[in-house]
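Count residues from 1 along the sequence.
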Amino acid sequence: MFDPRRGLVWMAVVALAHQTTAGPQFAYKMISGEASEFTQHRVPLPSDTAVHGLHTTYLVEFAHTAGDMGLWSQKVMVDSKLGLTIAFFTTLSGASVGLTDPSGKAVDLASHEVNVTFPEGDSGSSGNGVQWQFQTPVMLGEYTLVVTMASAKVAEFRHRRATAPCDGVVMVWNEAPETDLLSHPTTLNSILGHQIGLSARVFDSVAHPFAEFVRTKVKPPAKLVGAGGIVKAELIITSPSGVQSVVPMTDTGVGVDETADDGEYAGAIEATEVGPYRMEAMVSGVSSEGAQYTRSAEHTVIVDDPQLVLTDNIYSIVDRKTNRLSIYLMAKPTSSAAKAFVFKPYMEVWGQDTTGASVPIAFSQNLARMENFLVWDFLRLELDLQWIAKANVGTLNGLTAQNIYVQNANDQVVLAIDGSTPITVINDLSEIEAGVTASSSAAIATADALLARVAATYNGEITRVMRDGIPPRRNSTAPRVDGKVLLVHGYCADKNPFEVQASDWTDAVFYDGTKLGHAKSRSNNQFTEDLVTFIESQNLGTFSAVGQSQGGLVILNMLNYFHTGLDEITTGRKIQSIASPYLGNTALTNLGDLAGVLYPECDPPADMGRAGATAWMAGITQSNIDQTNIYRTKYSPGGLFGKGWCNMLMNTLLEGDNDGVVETVFSTPPSGGNVFPITEGWCHMEGMNHPPSFWDTDRNKEMSAAAGRK
């Protein structure tokens, strides 16, 4: 028989376990939402994270020659009659570059040379490089590119930049959209022991625009051999420890390749190290016009130790005081670091109607640290009983959790996946010790009685507590500062750009991570934790927020996962953003190596690339997306080809219209938000072809006036 006194003891032990969870303590929301959102919160398909490009990237590593020079040489294919661009970046000075055509004749580079820059995140700085543009290449075929450098300078660079992946980067673009390369990782569940790799196909991006794929998530048809398709494909891999390997990519329908002979090639290896794998799909073929081509696509695939293994048990307990269901996702930690880890668990909760048919109730998710009860470990979620009442489910008997997964909250890697598990209703956690594996009739009766009382008074409204859980009490005794607008900078910023024109803003608080000594490169969640700590130090009560670039993602992440005074805004706009890449960035997906050479302290975080950003967005609820207010800009028409640009190099790298960093196609959540029309003639940062968007006084004042204050 259950002893209530014993239960009280166990409850006290559990409370103590909750208090002693390792790591910094933040007020995480216990998030729930409508069943209509199930599909947008499930693990994205790897193909949803795809990028495309007409370029080939080569890492420059100088070899020492007898003449005390460093030498690098590379054969490059020219397959376009419309245009050819070659760019070279290194922090070394004094490099000499030469190019010879297929006949062995030297190409005049000097008359085609322009200086270009690669932005250093959202700072006002850029890495400098050289670019050569040829509008109508005279001869198609195999060219030879040679770069030389004094060996002493190479040695000095390698000493200073011991962590740099290479000595420099060369990129070659052929303006041949009929042989565009689409690529993506083969999995988002990239953990030790799993197969990780890339898939790639060549397609015609004129007949099948990439923006249409982003909208529909339907892959463009791949070109087949004989019609411009891939003839040879290799996966070039550099492991976190620097070990290089090459494996073939195949179209056989075996292993990670899903379908045989469909024109899409895939290759993979087993992940044996934790950390970033550099993966490059290098493909070659013959265009429909008979020109040989080479294309490459680079992705950084983060591999994690999974930290935990999900068991076959999920328990739940109803709380009579709060009318909420605590859900215990049982797991076994696989490393000592698991207790300090920030996880992101997700599940769909399903019930049964009176006929026994399955009924979708709501999803449940949150940020969570591992908690424990005696020798049992778990991630805890919650669900308000009003969600069950709203779904017209009259009993907790037969509850199941479906489409369960757990992510690393910082790099968005999916650590564990489970399909469907029954939710066992118990009276308290002491029943775990007793080995209970099925809901008892007594526990169901107690829970159903409480559910019936909740259902009798539920009016159908979805409340803030239903969506976010119960807000914690404020701990500080210091007077609250209400009515402010919090202004947040972006990734790798050297200042808060809004503070340059502080007079544009009324009652503003400027967050500047550089002044506070915070890391320049941070995941959305790490950035949010720093921001929440700053908010608490400023005693901010009710406030709204405006974010620039990554700052827009961070304030949305804060609204979604953290209890703050942002939730108390009832009039005006809660969050606004300018120039924010909600679905990631092509350049940060493809060119992490270039950032590593030019400014390793700004190595891009995983959730700024396409795969990480898409996986991060899957966790944002529709109710919070609906509260985003999104401003975007782009270049004005003009320039060499009449289309305009903000940054010449970036315009070659990025997909379609852009502000020099953020691509229009990736500048909004896929399911909405309050999106304003694009404004032309403004760029992302200082030093570009037009002024930075944060210098627009009229827009700044508009955002300040619209910001919620109470």
Look up atom [atom1] in [X] and atom [atom2] in [Y], then write down how far apart they are to the nearest 0.5 Å.
X	Y	atom1	atom2	result
Ile237	Ser239	CD1	OG	9.5 Å
Thr633	Ile578	OG1	CD1	5.5 Å
Tyr265	Arg201	OH	CZ	12.0 Å
Thr586	Arg610	OG1	CZ	7.0 Å
Asn410	Asn524	CG	CG	9.5 Å
Ile555	Thr628	CD1	OG1	9.5 Å

Side chains of [X] and [Y] in contact at under 4.5 Å (non-hydrogen atoms):
X	Y	value
Asn557	Asn525	yes
Asp304	Leu415	yes
Val303	Leu192	yes
Pro248	Leu235	no
Ser521	Cys492	no
Met688	Val661	yes
Glu178	Asp180	no
Trp645	Thr652	no

Verify the distance criterion only: is there a donor paired with an acceptor across the side chains of [X] and [Y] at less than 3.5 Å?
X	Y	value
Thr144	Lys75	yes
His489	Ser549	no
Thr614	Asp48	no
Asn128	Thr117	no
Tyr277	Ser190	no

Any chance the rings of His112 and Phe134 have centres within less than 6.0 Å? yes
Centre-to-centre under 6.0 Å for Tyr635 and His684, is that the case here? no
Can you confirm whether [X] is buried at [atom1], in the sense that more than 12 heavy atoms of other residues, nucleotides or ligands lie under 6.0 Å from that atom?
X	atom1	value
Glu273	CD	yes
Glu289	CD	no
Lys219	NZ	yes
Gln292	CD	no

Keeping [X] on the side-chain end and [Y] on the backbone end, is there a donor-acceptor pair under 3.5 Å?
X	Y	result
Gln622	Ser671	yes
Tyr293	Gly228	yes
Thr90	Asp167	yes
Asp251	Asp262	yes
Tyr631	Ser693	no
Arg295	Thr179	yes
Thr300	Arg278	no
Thr187	Asn189	yes
Ser287	Ala291	yes
Ser580	Gln550	no

At their closest point, which heavy atom of [X] faces which heavy atom of [Y], and how far apart are they?
X	Y	answer
Met282	Ser296	SD-CB, 3.8 Å
Ile625	Pro669	CG2-CB, 3.9 Å
Ser47	Phe213	O-CZ, 3.0 Å
Asn560	Thr621	OD1-N, 3.0 Å
Asp79	Thr294	OD2-N, 4.4 Å
Pro185	Pro46	O-CB, 3.0 Å

Is there a side chain to side chain donor-acceptor pair (under 3.5 Å) between Asp607 and Ser523? Walk through the geometry before answering. CA-CA 6 Å; Asp607 45 12; Ser523 70; 4.5 Å; no
When the ring planes of His52 and Phe210 are compared, do they come out parallel, tilted or perpendicular, using 30° and 60° as the limits? parallel
Stepwise side chain to side chain donor-acceptor pair (under 3.5 Å) check, Glu113 with Trp132: CA-CA 5 Å; Glu113 182 174 308; Trp132 299 274; 3.2 Å; yes
Identify which one of Asn647, Leu649, Val169 satisfies the side-chain contact (heavy atoms from CB on, under 4.5 Å) criterion when paired with Phe118.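 Testing each of Asn647, Leu649, Val169 against Phe118, the sole residue satisfying side-chain contact (heavy atoms from CB on, under 4.5 Å) is Leu649.
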Electrostatic pair Asp659-Lys634, nearest N-O below 4.0 angstrom: no
Starting from the C-alpha separation in whole Å, work towards a yes-or-no answer on side chain to side chain contact (heavy atoms under 4.5 Å, CB included) for Met279 and Ile196. CA-CA 9 Å; Met279 294 196 157; Ile196 57 170; 3.5 Å; yes
